[in-house]
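First comes the structure, then the notes that go with it.
For reference, positions follow the sequence shown, starting with 1. The shown structure was predicted, so the numbers you read here are calculated from the model rather than taken from an experiment.
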Amino acid sequence: MPVALTRGVSRSIGRCELTHLARETIDVGLAVRQHHAYEACLESLGCRILPLPPEPDLPDAVFVEDTAVVLDETAVITRPGAESRRPETGRVAEALKSFRPLSFISDPGTLDGGDVLRIGRELFIGRSARSNPEGIRQMRLQLEPFGYSIREMPVKGCLHLKSAVTLVSEQTVLINADWLDARYFNGLEILEADPGEPYAANALLINGTAVYSQAYPATRRRLEKQGIPLAIVDVSELAKAEGAVTCCSIIFDTNGADP
Ligand code: CIR
């Protein structure tokens, strides 16, 4: 059974890091309710939720995806590109060490999990404002021995690789081709987000269903036309913090371990 590691919304989320969006007031109560509904959605798709308590003084801690990349063989604890986010990794490492041997990205490397998209044994890693060439070099060193091939690509105009591309079925990627060259994904089916919805390329695929934000109706129609099963969630408050559906969980198989 897959586990979804999550962490509650911090009451200080209003002081989150922002790169591309102007700061707007976040309704923390609503953000908490939306986050609970997101967890319930993941549960309905077959995940067991492993919730970490909120970190009141770490505004972005709800976005656990950036703190670790969990593969069958190891969990890589990242070194987030934003300095304010580096203290987020400790509790996540603590939680993951019962499931996987840990590896670490170390100084001067930086890497955010939001920049890593796994498709089978291929890891597509975005070189972004958060993930630097040294961080990606360390990923290569640690993961190529397990048989992963690493494909590095520049990310422009958005925060993370997974703001620009995610998987919506085993063989289909949803992409904003203004932010990322679709040719990196030759060989897969490519579905473009509606040009009027630049943030619409983020979906979270679980057991054949894509968890998807209700904020992008035009792209949603494209997904439905392709016959992609969807589970729609409202993450409006988390989106004000530049968060999307992949960011709020780390999903992995327990491989039989059940601590
Ligand atoms: C940040 O700037 O780090 C947060 N406010 C948003 C992080 C979103 N994470 C993700 O897309 N993986």
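Across all their heavy atoms, Thr209 and Leu230 have their closest contact at CG2-C, 3.8 Å. The two atoms that bring Glu73 and Tyr148 nearest to each other are OE1-OH, 2.7 Å, heavy atoms only. Of all heavy-atom pairs between Arg7 and Pro53, the closest is CD-O, 3.2 Å. Closest approach of Val9 and Ala31 over heavy atoms only: CG2-O, 3.8 Å. Closest approach of Arg100 and Asp72 over heavy atoms only: NE-O, 3.2 Å. In plain terms, the two heavy atoms of Cys158 and Trp179 that are nearest each other are CB-CE3, 3.4 Å.
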- side chain to side chain contact (heavy atoms under 4.5 Å, CB included) between Leu117 and Leu123, intermediate numbers included: CA-CA 6 Å; Leu117 174 65; Leu123 296 177; over 6 Å; no
- Message: The test is ring pair (Phe, Tyr, Trp, His ring centres under 6.0 Å); show your working for Phe99 and Phe252 and say whether it passes.
- Response: CA-CA 9 Å; Phe99 296 98; Phe252 56 93; 5.2 Å; yes
- In sequence, state the C-alpha distance, the side-chain angles, and the governing distance for Cys248 and Phe63, and then conclude on side chain to side chain contact (heavy atoms under 4.5 Å, CB included). CA-CA 5 Å; Cys248 298; Phe63 303 123; 4.0 Å; yes
- Task: Verify side chain to side chain contact (heavy atoms under 4.5 Å, CB included) between Val173 and Leu191, making sure each step is shown before the conclusion.
- Result: CA-CA 6 Å; Val173 289; Leu191 187 61; over 6 Å; no
- Any chance you could lay out the side chain to side chain contact (heavy atoms under 4.5 Å, CB included) test for Ile228 and Leu174, step after step, and finish with the verdict? CA-CA 11 Å; Ile228 309 279; Leu174 176 63; over 6 Å; no
- Audit row: Lys162, Glu65, salt bridge (charged side-chain N to carboxylate O under 4.0 Å, His left out) steps and yes/no: CA-CA 11 Å; Lys162 279 190 272 192; Glu65 169 181 64; 2.8 Å; yes
- Evaluation steps, side-chain hydrogen bond (donor to acceptor under 3.5 Å, both in side chains), between Thr219 and Glu197: CA-CA 7 Å; Thr219 306; Glu197 298 176 338; 2.6 Å; yes
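No side-chain heavy atom of Arg33 sits under 4.5 Å from any side-chain heavy atom of Glu237. Between Leu5 and Val92 there is a side-chain heavy-atom pair separated by less than 4.5 Å. Within the 4.5 Å cutoff, side-chain heavy atoms of Arg127 are placed close to those of Pro133. In this structure, the side chains of Val168 and Leu205 stay at 4.5 Å or more apart for every pair of heavy atoms. In this structure, the side chains of Ile136 and Leu111 come closer than 4.5 Å at one or more pairs of heavy atoms. The side-chain heavy atoms of Leu180 and Ile175, taken from C-beta on, include a pair separated by under 4.5 Å.
Residue Arg11 qualifies as open at atom CZ: its count of foreign heavy atoms under 6.0 Å is 12 or below. No more than 12 heavy atoms of other residues, nucleotides or ligands sit less than 6.0 Å from atom CD of Glu83. Surrounding CD of Glu224 are more than 12 heavy atoms belonging to other residues, nucleotides or ligands, all under 6.0 Å away.
Side-chain atoms of Ser10 come within 3.5 Å of backbone atoms of Glu55 as a donor-acceptor pair (strictly under, hydrogens ignored). A donor-acceptor pair under 3.5 Å is formed between the side chain of Asp234 and the backbone N or O of Ser236. With hydrogens and angles ignored, the 3.5 Å screen pairs a side-chain donor or acceptor of Asn176 with a backbone N or O of Pro198. Remark: the backbone N or O of Thr89 is not paired with any side-chain donor or acceptor of Thr67 at under 3.5 angstrom. Between the side chain of Arg86 and the backbone N or O of Pro80 there is at least one donor-acceptor pair closer than 3.5 Å. Judged purely by atom type and a 3.5 angstrom limit, Asp181 has no side-chain atom pairing as donor or acceptor with the backbone of Tyr184. Asn132 places no side-chain N or O within 3.5 Å of a backbone atom of Gly109 that could act as its donor or acceptor partner. A donor-acceptor contact shorter than 3.5 Å links the side chain of Thr110 to the backbone of Arg130. With hydrogens and angles disregarded, a donor-acceptor distance shorter than 3.5 Å links the side chain of Glu242 to the backbone of His20. Here the side chain of Thr78 pairs no donor or acceptor atom with the backbone of Gly113 at under 3.5 angstrom.
Ile26 and Leu21 end up in different hydrophobic clusters when Ile, Leu, Val, Met, Phe, Trp and Tyr side chains are linked at under 4.5 Å. Leu50 is not connected to Ile206 by any chain of hydrophobic side-chain contacts under 4.5 Å among Ile, Leu, Val, Met, Phe, Trp and Tyr, and they are in different clusters. Cluster membership for Val245 and Ile49, using ILVMFWY side-chain heavy atoms within less than 4.5 angstrom, is shared. If you chain together hydrophobic residues whose side chains sit under 4.5 Å apart, Ile125 and Leu188 never meet in one group. When the side chains of ILVMFWY residues are joined at heavy-atom separations under 4.5 Å, either directly or via intervening members, Leu141 and Phe146 end up in two distinct hydrophobic clusters.
Look at Arg85 and Glu17 and you find no salt bridge, because none of the NZ, NE, NH1 or NH2 atoms lies under 4.0 Å from a carboxylate O. Salt-bridge annotation for Arg118 and Glu122: absent, with no side-chain N of the basic residue lying under 4.0 Å from a carboxylate O of the acidic one. Electrostatic pairing of Arg91 and Glu94 does not count as a salt bridge here, judged by no charged N lying under 4.0 Å from a carboxylate O.
Side-chain contact check for Thr166 and Asn202: no donor-acceptor pair (N or O, by modelled atom type) lies under 3.5 Å. Counted by atom type alone, Glu134 and Gln138 present one or more donor-acceptor pairs between their side chains at under 3.5 Å. Defined by atom type and a distance below 3.5 Å, a donor-acceptor pair is present between the side-chain atoms of Ser249 and Tyr38.
To the nearest 0.5 angstrom, Gln34 atom CD is 12.5 Å from Glu39 atom CD. Taking SG of Cys247 as the reference point, atom NE2 of His160 lies at 7.5 Å (rounded to 0.5 Å). Going from atom CG of Asp115 over to atom CG of Leu161 covers 6.0 Å, rounded to the nearest 0.5 Å. The line from OG1 of Thr6 to NE2 of His36 is 8.5 Å long, rounded to the nearest 0.5 Å. Atom OG1 of Thr254 and atom CE of Met1 lie 9.0 Å apart (nearest 0.5 Å). Between the CZ atom of Arg23 and the SG atom of Cys16 there is a distance of 5.0 Å, given to the nearest 0.5 Å.
A cation-pi arrangement is absent between Arg151 and Phe124, since the terminal nitrogen or guanidinium carbon is not both under 6.0 Å from the aromatic centre and inside a 45° cone about the axis.
Across Thr19, Val155, Asp112, a single residue satisfies side-chain contact (heavy atoms from CB on, under 4.5 Å) together with Ser128, and that is Val155. Tested against Asp194 for a salt bridge (Lys or Arg N to Asp or Glu O under 4.0 Å), the candidates Arg221, Arg222, Lys225 yield a single pass: Arg222. Residue Val233 forms a side-chain contact (heavy atoms from CB on, under 4.5 Å) with just one option from Val211, Leu42, Leu204, and that option is Val211.
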